[in-house]
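We name chains A, B, ... by the order of the sequence lines, and we start the count at 1 in each one. Please read these numbers as outputs of a predicted model, since none were measured by experiment.
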There are 2 protein chains.
Amino acid sequence: MHILTLLALDKDSWLTSAHIAGSLNVNPVIVRKEIMNLKSGNLIESKEGKNGGVRLLKDPSEIYLSDIFQLVKGKHNVLSLSKNTPNPACPVGRQINEKLESVFDNIDDAIIRELSKQTLDAFKNQF
Amino acid sequence: MHILTLLALDKDSWLTSAHIAGSLNVNPVIVRKEIMNLKSGNLIESKEGKNGGVRLLKDPSEIYLSDIFQLVKGKHNVLSLSKNTPNPACPVGRQINEKLESVFDNIDDAIIRELSKQTLDAFKNQF
DNA sequence: TTATACTGTAGTAATTATTATTACAGTATA
DNA sequence: TATACTGTAATAATAATTACTACAGTATAA
């Protein structure tokens with residue numbers, strides 16, 4: 001969100017990972033990694049070489065926060081357990097993960113519904 | 001959820017932390033710590049000493065998944081950044097946290113609305 | 001009244017996940 | 001051809017989570 005906000009506020013410039021990293025106060029390599037992710041979702045484009053950098057591929061008014069959420073959350077649900085290996089000899093332990101996944105799917109859907117109400121343009125206009 | 005499901009399925013027994021830990025496949029101390037949390041929300045009660053353990057304080061049909069969510073998530077929003085210290089010299093960096101918190105508040109509210117549709121009783125009946 | 005089987009809790013170790021750092025090949029620009 | 005970028009890998013440092021050990025306190029039952 002922070003990266004995309006900077007890009008939305010400076011829509012026609014190629015921002016460098018160093019510049020963005022300065023605002024986030026993190027290492028530029030971390031920014032470049034997230035940039036690869038945002039590129040994979042066709043939200044931004046990047047240019048190598050001197051005077052290169054990153055910029056938005058779409059108008060901020062066409063980017064919904066739900067789009068960003070779905071891209072950034074990856075394949076795992078927001079509430080999914082990073083590691084959960086319950087006892088398969090227990091009827092509950094054997095099935096708890098799939099039952100919870102179902103609840104977690106519902107949660108992610110609810111989040112997407114909520115975030116589809118707001119665009120990146122509306123968000124960036126707060127600054 | 002796993003702990004409460006076990007308690008809901010065995011509503012009149014005092015389950016021990018060792019028994020619960022066996023189903024979760026985690027250390028009993030971890031279970032006891034979470035039990036302290038569930039007690040603080042008045043969802044369960046515990047009994048010390050021999051033949052002690054834990055049991056539900058309410059009927060599963062009166063416990064909504066949203067109640068559990070609000071208790072377990074603690075004071076932080078689900079999507080809150082554990083550590084985020086952006087550059088205060090940047091107009092975006094200076095305000096991004098508060099603006100994101102507002103979005104995260106909306107997300108948590110959406111989750112609560114979703115989870116208030118289901119009770120622990122309905123969840124436990126899947127097993 | 002005493003052995004037993006629990007909870008509650010502190011302290012520390014181990015593990016896992018995240019972020020930072022260093023390095024450098026590749027590329028576009030001036 | 002020097003420069004300033006991206007893209008990416010490898011490794012180190014840090015932070016967060018979970019496990020483990022230990023034991024004081026407490027209720028039960030023989």
Side-chain angles (χ1 to χ4, degrees), chain A residues 1-3 6-7 10 13-57 72-87 93 97, chain B residues 1-3 6-7 10 12-57 72-87 93 96-97:
Chain A
M1 283 297 293
H2 193 152
I3 293 171
L6 292 170
L7 294 175
D10 214 344
S13 307
W14 293 95
L15 299 188
T16 69
S17 60
H19 174 88
I20 295 169
S23 175
L24 300 233
N25 192 27
V26 297
N27 194 285
V29 174
I30 303 296
V31 172
R32 286 186 214 134
K33 279 180 182 161
E34 191 55 37
I35 277 170
M36 294 313 288
N37 192 23
L38 296 172
K39 275 182 70 173
S40 78
N42 292 314
L43 294 182
I44 66 176
E45 61 181 334
S46 64
K47 192 173 73 165
E48 294 189 8
K50 192 171 179 179
N51 295 341
V54 190
R55 69 179 180 190
L56 285 184
L57 205 47
V72 170
K73 88 185 183 90
K75 61 181 178 179
H76 293 297
N77 287 324
V78 163
L79 282 180
S80 75
L81 297 327
S82 48
K83 183 200 167 205
N84 200 39
T85 55
N87 185 350
N97 277 343
Chain B
M1 283 297 293
H2 193 153
I3 293 171
L6 292 169
L7 293 175
D10 214 344
D12 299 319
S13 307
W14 294 96
L15 299 188
T16 68
S17 61
H19 174 87
I20 295 169
S23 174
L24 298 234
N25 192 26
V26 297
N27 194 284
V29 174
I30 303 296
V31 171
R32 288 187 213 132
K33 278 180 181 163
E34 191 54 38
I35 277 170
M36 295 313 288
N37 192 23
L38 296 171
K39 276 182 71 173
S40 77
N42 293 314
L43 294 183
I44 67 176
E45 61 182 334
S46 64
K47 192 172 72 164
E48 293 189 10
K50 192 172 179 179
N51 295 342
V54 191
R55 69 178 180 190
L56 285 184
L57 204 48
V72 170
K73 88 186 183 90
K75 64 181 174 175
H76 293 298
N77 288 324
V78 162
L79 282 181
S80 75
L81 297 328
S82 47
K83 183 201 168 207
N84 200 38
T85 56
N87 186 350
I96 190 76
N97 277 342

Among dT27(C), dT3(D), dA19(D), the one nearest Lys50(A) by side-chain distance
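Shortest atom-to-atom distance from the side chain points to dT3(D).
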Between dT7(C), dA19(D), dG26(C), which one does the side chain of Thr16(B) approach most closely?
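Among dT7(C), dA19(D), dG26(C), the one nearest the side chain of Thr16(B) is dT7(C).
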Could you tell me how far apart [X] ([atom1]) and [N] ([atom2]) are, to the nearest whole angstrom?
X        : N       : atom1 : atom2 : answer
His76(A) : dT16(C) : NE2   : C1'   : 14 Å
Asn51(B) : dA29(D) : CG    : C1'   : 8 Å
Ile30(B) : dT7(C)  : CD1   : P     : 15 Å
Lys33(B) : dT12(C) : NZ    : C1'   : 11 Å
Ile44(B) : dG8(C)  : CD1   : C1'   : 13 Å
Met36(A) : dC5(D)  : CE    : C1'   : 14 Å
Lys83(B) : dA17(C) : NZ    : C1'   : 14 Å
Leu15(B) : dT7(C)  : CG    : C1'   : 14 Å

Which is true for Lys47(A) with a 4.0 Å heavy-atom rule: it touches a base, it touches only sugar-phosphate, or it touches nothing?
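Sugar-phosphate only.
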Indicate yes or no: does Glu45(B) engage Arg55(B) in a salt bridge with an N to O separation below 4.0 Å.
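A salt bridge is present here (some side-chain N lies under 4.0 Å from a carboxylate O).
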4.5 Å side-chain heavy-atom contact, [X] and [Y]:
X        : Y        : value
Leu43(B) : Leu56(B) : no
Asn97(B) : Pro86(B) : yes
Asp10(B) : Leu15(B) : yes
Leu24(A) : Asn87(B) : no
Met1(A)  : Val72(A) : no

Any-strand Watson-Crick or G-U partner of dC5(D), both distances under 3.5 Å
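Check on dC5(D): paired to dG26(C), both distances under 3.5 Å.
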Do any N or O atoms of the protein come closer than 3.5 Å to N or O atoms of nucleotides 21-23 of chain D, and which pairs are they?
none

Which comes earlier along DNA chain D counting from the 5' end, the contact point of Glu48(B) or that of Val26(B), where each point is its nearest nucleotide?
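Its nearest nucleotide being more 5', the pick is Val26(B).
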Enter the distance from Lys33(A):NZ to Ser17(A):OG here, rounded to the nearest 0.5 Å.
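Interatomic distance, Lys33(A) NZ to Ser17(A) OG, rounded to 0.5 Å: 12.5 Å.
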Most 5' of Asn25(A) and Ser17(B) on DNA chain C, judged by nearest nucleotide
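Comparing both residues, the 5'-ward one is Ser17(B).
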